Amino acid sequence: MTGTGVTAGHDPARGEEWSRLPVGRRERHQDAVLALVLAGALAVSMVLYDSMGLYDDPAPWWVSAVMVVANAGPLAFRRRFPMSVAVVAAVAFAATQLLHVPEGLFVNFTLFIALYTVGAWCSDRVRAEAVRWVLILGMFAWVFLAIVFRWSVPSALPDDGDSVIPPYVANSLLSIIINLVYFGAAWYSGNRAWTAAVAKHDLDERTVELATERERSAAQAVALERVRIARELHDVVAHHVSLMGVQAGAARRVIDRDPEQAAASLGVVEDSARTAVEELRRMLGTLRQTDSDGHTLPADAPSTEGLARLPELATAATTAGHDTGFSVVGDERPVPPTVAAVAYRIAQEAVTNVLKHAGPDARADLRLRYLPDALELEVTDTGAGARASRSTAGSGLGHVGMRERVAAVGGRIEIGPRARGGYLVRAWLPTA
């Protein structure tokens with residue numbers, strides 16, 4: 001039995017190996033100071049007990065000096081080698097009495113501290129239990145031998161007198177009770193210290209994990225915010241840039257033979273550019289909003305748009321050369337601003353796709369339906385021409401953005417070609 005206690009302990013609750021050892025410089029310094037203080041206390045106590053005449057034949061002074069070192073010295077290493085120190089302390093405790101060293105106070109402290117340290121610092125809990133059981137059972141064997149020896153010497157037994165319990169019985173019971181309390185306290189306090197150390201270790205690990213998770217969440221939030229801003233920029237810019245490109249191309253083609261039409265097309269380009277700049281300025285202003293504590297508020301640029309601008313989209317598409325109808329089915333009523341913003345952005349993206357992909361002769365229809373508990377938006381086109389072919393996977397930023405917006409409000413969306421030709425975007429957005 002080495003008793004070093006340096007093997008890592010297994011924590012069943014966490015399924016991990018953990019050890020309080022090795023100790024740091026501060027703990028080593030504290031143990032050295034404790035050993036010196038107890039050595040001084042033992043020396044003073046031995047002088048006083050010797051003066052009281054504790055033994056008729058006390059040990060020589062050099063034996064007492066050796067016992068001072070044997071009892072107090074190992075405590076300087078108690079947290080580095082707890083089980084070895086406990087064994088040495090127990091042997092020194094017994095030797096102090098066997099050799100009639102006049103000391104009966106501080107040797108109890110040294111043994112208590114040694115047993116406590118085994119429970120508080122040994123990571124190998126099985127060996128810690130075994131060492132303490134062996135030492136405690138050995139000490140109780142010592143107590144019982146002392147009791148039997150006293151009972152075997154009739155002259156050493158006190159007179160019974162008139163007491164209810166014979167004095168030698170009371171003395172024996174008192175010795176047993178004192179030792180039970182003594183060793184029980186050392187056992188309990190050591191285990192409690194170990195449990196507290198494990199709890200602190202777990203708490204420290206969870207604190208580190210939480211800090212790491214906070215950093216990860218912050219990084220994810222930044223990434224999500226970048227994606228969201230990219231989606232907003234796409235929504236704001238793509239429609240107007242597409243419209244500007246179509247009108248600029250029309251103006252270039254007719255500028256020689258129809259200056260008035262070219263001027264009209266360039267006017268649409270100018271209006272689209274101005275609108276795009278205004279929307280970008282509004283979106284960036286929203287991104288910079290802060291609350292009273294200086295924290296940046298979540299940007300919500302789409303909320304500046306709503307259902308009232310849907311006819312404007314249809315008009316812009318018609319001006320760009322794609323005849324686009326707009327109709328409302330059902331009784332109009334107020335809807336949540338978020339739903340209105342999502343509906344507008346989906347319609348804007350769908351109309352932009354018509355301008356970019358549907359072909360020069362395609363016609364589009366934008367239809368808004370008010371259902372009892374939802375809002376349904378539908379954008380269709382005839383999809384004439386070779387450029388009408390479009391991906392249905394929604395892998396582009398526009399399709400992804402539409403799906404994410406609809407999912408955010410708990411709705412559903414259908415994107416894909418129609419059976420009779422053309423393309424369909426239909427979104428169902430709950431309003432209740």
Side-chain angles (χ1 to χ4, degrees), residues 230-250 268 272 275-276 302 305-307 309-330 339-371 374-409 411-430:
R231 187 173 63 235
E232 298 298 335
L233 288 172
H234 176 273
D235 290 342
V236 170
V237 174
H239 170 75
H240 297 291
V241 171
S242 297
L243 184 60
M244 290 161 61
V246 171
Q247 292 297 332
V268 173
S272 296
T275 303
E305 311 296 350
L307 302 180
R309 293 192 61 186
L310 291 180
E312 180 183 328
L313 285 177
T315 302
T318 299
T319 305
H322 293 273
D323 187 21
T324 302
F326 174 72
S327 60
V328 177
V329 180
V339 172
V342 169
Y344 176 81
R345 288 306 191 198
I346 291 174
Q348 187 181 52
E349 177 63 27
V351 170
T352 300
N353 288 338
V354 171
L355 298 177
K356 292 166 63 177
H357 305 295
D361 301 324
R363 185 186 185 281
D365 283 297
L366 198 161
R367 189 173 295 108
L368 185 66
R369 293 188 182 92
Y370 286 90
L371 304 177
L375 190 70
E376 186 179 82
L377 176 72
E378 183 179 280
V379 180
T380 60
D381 64 73
T382 57
R387 291 190 298 164
S389 175
R390 278 165 280 180
S391 171
T392 63
S395 58
L397 184 57
H399 284 183
V400 172
M402 285 193 286
R403 296 183 190 280
E404 289 181 350
R405 289 183 185 279
V406 170
V409 296
R412 56 181 181 269
I413 189 170
E414 177 184 354
I415 304 175
R418 297 192 300 174
R420 60 179 180 271
Y423 212 74
L424 166 71
V425 175
R426 181 186 292 125
W428 182 88
L429 308 172

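The structure presented is a predicted model; accordingly, all values stated were derived computationally and were not measured.
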Chemist: What's the shortest heavy-atom distance between Arg363 and Asp323, and which atoms?
Modeler: CG-O, 3.0 Å

Chemist: I would like to know whether Val328 and Leu307 meet side chain to side chain contact (heavy atoms under 4.5 Å, CB included); could you show each step before the answer?
Modeler: CA-CA 11 Å; Val328 177; Leu307 302 180; over 6 Å; no

Chemist: For His322 and Ala317, indicate whether the former's side chain and the latter's backbone hold a donor-acceptor pair under 3.5 Å.
Modeler: no

Chemist: Please report the shortest heavy-atom distance between Gly411 and Pro430, naming the atom on each side.
Modeler: CA-CD, 3.7 Å

Chemist: Using only atom types and a distance under 3.5 Å, with no angle test, would you say the side chain of Arg369 pairs donor to acceptor with the backbone of Trp428?
Modeler: no

Chemist: Quick check: closest heavy atoms across Thr382 and Ala362, and the distance to 0.1 Å?
Modeler: OG1-CA, 3.3 Å

Chemist: Go through it in stages, so that I can follow the logic: the residues are Glu376 and Val329, the test is side chain to side chain contact (heavy atoms under 4.5 Å, CB included), and I'd like the CA-CA distance, side-chain angles, deciding distance and then a yes or no.
Modeler: CA-CA 9 Å; Glu376 186 179 82; Val329 180; over 6 Å; no

Chemist: Measure the CD1-NE2 distance between Ile413 and His399 for me, rounded to the nearest 0.5 Å.
Modeler: 8.5 Å

Chemist: In Å and rounded to the nearest 0.5 Å, what is the OG1 to CZ distance from Thr380 to Arg426?
Modeler: 9.0 Å

Chemist: Going by side chain to side chain contact (heavy atoms under 4.5 Å, CB included), name the residues that satisfy it together with Ala347, two or more places apart in sequence or in a different chain.
Modeler: Leu310, Leu313, Leu366, Leu377

Chemist: Look up atom CZ in Arg403 and atom CD in Glu414, then write down how far apart they are to the nearest 0.5 Å.
Modeler: 10.0 Å

Chemist: According to side chain to side chain donor-acceptor pair (under 3.5 Å), who are the partners of Arg367, at least two apart in sequence or on a separate chain?
Modeler: Glu378

Chemist: How close do Ala314 and Thr324 get, counting heavy atoms only, and between which atoms?
Modeler: O-CB, 3.7 Å

Chemist: To the nearest 0.5 Å, what is the distance between CG on Leu371 and CG on Leu429?
Modeler: 10.0 Å

Chemist: Got Tyr423 and Val379 here, is their nearest side-chain heavy-atom distance under 4.5 Å?
Modeler: no

Chemist: Applying side chain to side chain contact (heavy atoms under 4.5 Å, CB included) to Glu349 and Asn353, what does each step give before you reach the verdict?
Modeler: CA-CA 6 Å; Glu349 177 63 27; Asn353 288 338; 3.3 Å; yes

